[in-house]
Each structure stands twice: as C-alpha cells, then as structure tokens.
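Structure first, then comments.
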Amino acid sequence: MSLDETLAVTTAQEDEEYLFAFKQNMISCVPLVLKATIELGILKLLFESSAQLSSTQIASRLSIKNPGAGGTIDRILRLLASFSFLSCTLTQDKAGRPERMYGLGPLSKYYVSEEGASMAPWLRLIFDEVSLRSWFYLKDAVIQGEGDPFKLVNDATLFDYTGTDPRYNNHFNNSMKCMSTVFMGKIMDTYHGFENAKTVVDVGGGVGECLKLILSKHPHLRGINFDLPHVVKNGLSYPGN
Ligand SMILES: C[S@@+](CC[C@H](N)C(=O)[O-])C[C@H]1O[C@@H](n2cnc3c(N)ncnc32)[C@H](O)[C@@H]1O
C-alpha cells in the first residue's frame, strides 16, 4: 500500500484494529475524568452515602449551583461506570424519565482515601500540570535535549525540581509512600534477607515508608533512610530509625 492510498476499515480484523487505535487516542480521558471526580468530592460523597445517587442529587449535595452540572456529572459518571470504577443502576425519576443511579464500584476503593494503599495521590501526581507539561516536549527532548523532557521544560531534573516546588514535592513523596506500602508489603511476605542483617540502608528511601515496614517486621534491625534534604525533612520518625 502506498501512503497516497485512502485508508479504509473494511475487514473484521481492521474493525478490531481501528477500535483499538481509537481507544489509544482516548485513553487519557479515563484518569483525567477520575481525577476531576475525586476533586469534586464525588467519590467521597458516594462512599458516605448509604444508597446510590443520581447526578442531580450529587450536584445538589455538593452545593453546585450551575444548572448544567447534573448533565455533565452524569456523563462523567457513566464513563467511570463503564470502566468499573462505579456501579450504575437504571431507574426512573418522578416524571417517569430514565435516570441513572451511581454508587462506588470495585475499583473506586483505591481512590476514596488519601492514605494507605490509595492510588489517588499517584493519579494526582501523574496528571499534575507539572508532570503533564513534559509530555508535550518529548519530541523536542529527542531532537535537541538530553532525552529528558522534564529537564528540558524545567531546566532541572525531577529530583532537583522537587526541591524548588514544595507543593509538587509533597505530592511526589506522598504518592511514593502510598505505592510503597503495597509493594513493600508484598515483598515482605516472601523475602527473608532481613532476618540475619543488622543494619538496613534505604538509598533513595523517600519519606521512609519502606524502612518503617521493614523495621516493624524486623525490630532487631537498625535502619537508615537516605534521601535528599527536601525529602527527609518531611520524613517519618519511628523506633529503630
Ligand atoms: C522513585 S522515588 C522512590 C522513593 C522510595 N524508595 C519509595 O519507594 O517510596 C526515588 C527517590 O530517590 C531520591 N533521590 C534521587 N536522587 C537522590 C540522590 N542523589 N541522593 C539521595 N536520594 C535521591 C528521590 O528524592 C526519591 O525520594
């Protein structure tokens, strides 16, 4: 096929490929919509509600005065329901019109809180404006930079930049802490290398969450958490550290 030929979607296999390609174009909508839903307080509201809620009820309980909000919230929540973040039941309103009622779904438990195994801080970090901006310069980083779009945009590496932006630094450290809780917990279930050690040094240990988990399971250890000054100044303090 030449580049001048008009592309067509004709065979069943091309149908599949075309749909797959289409999904790749749209895939960033899901986390961005989820982020807005968290920021609006909708997940927390659904968590606190004993029953499913309609988009109109959600807008009202969040005291959103914009008359068009219910319609937009419904479109937002429909998307999240189709990706199993929410549950959705079709009912009728008082006038007999179809109405969708929403509740938390299987995946939403990972986004309701900001602590423990929550994914919310990580989502906020990945889709923070500071993180996103670099993606627009990936091509430029390949052509003219050192291959690091973050450095090209911010004139600093990620870890130097976090030292200059306390808001982003907090986001970064908190999201690392939440992810580490899960991964380190799993590693601790099967790894036995700490049993005969005396001292453990976590190099680039962030605010010390991994070390905290290790020391809580192996209290005989002495732990040293090594990281940059703007990270350790917010570090955790606990016995053995
Ligand atoms: C991907 S994070 C991992 C954090 C932590 N290990 C965790 O799992 O939560 C990498 C860490 O390395 C730290 N780091 C980067 N450069 C460093 C350096 N030159 N000296 C010490 N720490 C550094 C960063 O501040 C950051 O906390």
Side-chain angles (χ1 to χ4, degrees), residues 23-50 52-53 55 58 61-62 72-88 102-135 138 149-150 158-159 161-162 165-191 202 204-214 216-217 225 227 230-231 234-236:
K23 277 190 203 160
Q24 309 317 302
N25 290 351
M26 301 303 291
I27 210 151
S28 60
C29 295
V30 180
L32 286 166
V33 164
L34 183 60
K35 179 170 176 275
T37 309
I38 296 169
E39 288 167 352
L40 284 164
I42 296 176
L43 285 195
K44 189 159 174 281
L45 177 70
L46 292 176
F47 178 73
E48 287 163 357
S49 170
S50 49
Q52 287 186 316
L53 298 173
S55 57
I58 290 170
R61 292 204 194 175
L62 293 175
T72 312
I73 289 174
D74 189 60
R75 294 179 72 187
I76 283 176
L77 301 188
R78 224 157 69 208
L79 178 83
L80 294 182
S82 73
F83 280 86
S84 301
F85 285 100
L86 299 178
S87 64
C88 176
Y102 297 99
L104 293 187
L107 297 181
S108 42
K109 65 174 180 285
Y110 297 113
Y111 294 90
V112 173
S113 106
E114 292 292 318
E115 295 296 330
S118 175
M119 284 283 182
W122 182 250
L123 175 77
R124 226 195 298 288
L125 176 76
I126 299 299
F127 289 92
D128 189 280
E129 282 183 26
V130 171
S131 313
L132 278 184
R133 215 179 301 137
S134 303
W135 290 105
L138 181 57
F150 191 96
L158 170 65
F159 296 124
Y161 177 85
T162 50
D165 183 342
R167 182 196 67 84
Y168 192 73
N169 185 36
N170 279 342
H171 266 346
F172 188 89
N173 296 332
N174 194 34
S175 63
M176 287 295 142
K177 182 178 132 188
C178 288
M179 296 291 272
S180 303
T181 307
V182 178
F183 294 126
M184 202 62 204
K186 300 282 174 205
I187 291 169
M188 301 283 288
D189 288 343
T190 51
Y191 180 69
D202 192 349
V207 291
E209 186 67 18
C210 288
L211 198 56
K212 184 177 150 192
L213 283 171
I214 296 166
S216 65
K217 191 161 177 192
N225 186 46
D227 208 293
H230 57 268
V231 178
N234 300 318
L236 303 163

Self-check item: Counterpart residues, side chain to side chain donor-acceptor pair (under 3.5 Å), relative to Asn170 (two or more places apart)
Solution: none
Got a list of side-chain donor-acceptor pairs under 3.5 Å for residues 28-38, not counting sequence neighbours?
from: Lys35; atom 1: NZ; to: Glu39; atom 2: OE2; distance (Å): 3.1
from: Thr37; atom 1: OG1; to: Val33; atom 2: O; distance (Å): 2.7

Self-check item: All pairs passing salt bridge (charged side-chain N to carboxylate O under 4.0 Å, His left out) where residues 23-34 contributes a residue, at least two apart
Solution: none
Side-chain polar contacts of residues 179-190 - donor-acceptor pairs under 3.5 angstrom, sequence neighbours left out - could you list them?
from: Ser180; atom 1: OG; to: Met176; atom 2: O; distance (Å): 2.7
from: Thr181; atom 1: OG1; to: Lys177; atom 2: O; distance (Å): 2.8
from: Thr190; atom 1: OG1; to: Ile187; atom 2: O; distance (Å): 3.4

Quiz prompt | Any side-chain heavy-atom pair of Ser87 and Gln52 under 4.5 Å | solution = yes
Exercise. With sequence neighbours excluded, give me every side chain to side chain donor-acceptor pair (under 3.5 Å) pair touching residues 113-127.
Key: Glu114-Arg124
Quiz item: With sequence neighbours excluded, what pairs up with Ser131 under the side chain to side chain donor-acceptor pair (under 3.5 Å) test?
Solution: Tyr168
Practice problem: Start with the C-alpha distance between Glu129 and Arg133, add both sets of side-chain angles, then the distance that settles salt bridge (charged side-chain N to carboxylate O under 4.0 Å, His left out), and finish with yes or no. | Solution: CA-CA 6 Å; Glu129 282 183 26; Arg133 215 179 301 137; 5.3 Å; no
Self-check item: For Gly205 against Asn225, the heavy-atom pair lying closest together
Solution: CA-OD1, 3.2 Å
Exercise. Check the surroundings of atom CZ in Arg75: do more than 12 heavy atoms from other residues, nucleotides or ligands lie under 6.0 Å from it?
Key: no
Exercise. Sequence neighbours left out, what passes side chain to side chain donor-acceptor pair (under 3.5 Å) with Asn169? Give chain and number order.
Key: Asn173
Self-check item: For Tyr191, all residues meeting ring pair (Phe, Tyr, Trp, His ring centres under 6.0 Å), sequence neighbours excluded
Solution: Phe194
Practice problem: State which residues pass ring pair (Phe, Tyr, Trp, His ring centres under 6.0 Å) with Phe127; sequence neighbours excluded, sorted by chain then number. | Solution: none
Practice problem: Decide yes or no on side-chain contact (heavy atoms from CB on, under 4.5 Å) for Arg167 and Val130, but give the supporting numbers first. | Solution: CA-CA 10 Å; Arg167 182 196 67 84; Val130 171; 3.7 Å; yes
Self-check item: Arg78 side chain near Ser55 side chain, heavy-atom distance below 4.5 Å
Solution: no
Name every donor-acceptor pair, under 3.5 Å, that has one atom in a side chain of residues 102-112 and the other anywhere in the protein, sequence neighbours excluded.
from: Tyr102; atom 1: OH; to: Asp74; atom 2: O; distance (Å): 3.3
from: Tyr102; atom 1: OH; to: Asp74; atom 2: OD1; distance (Å): 2.8
from: Tyr102; atom 1: OH; to: Arg100; atom 2: NE; distance (Å): 3.4
from: Ser108; atom 1: OG; to: Phe85; atom 2: O; distance (Å): 2.9
from: Ser108; atom 1: OG; to: Gly105; atom 2: N; distance (Å): 2.8
from: Ser108; atom 1: OG; to: Gly105; atom 2: O; distance (Å): 2.8
from: Lys109; atom 1: NZ; to: Pro106; atom 2: O; distance (Å): 3.4

Self-check item: For Lys217, all residues meeting salt bridge (Lys or Arg N to Asp or Glu O under 4.0 Å), sequence neighbours excluded
Solution: none
Quiz prompt | Residues which pass side chain to side chain donor-acceptor pair (under 3.5 Å) with Thr162, listed by chain and number, not counting sequence neighbours | solution = His230
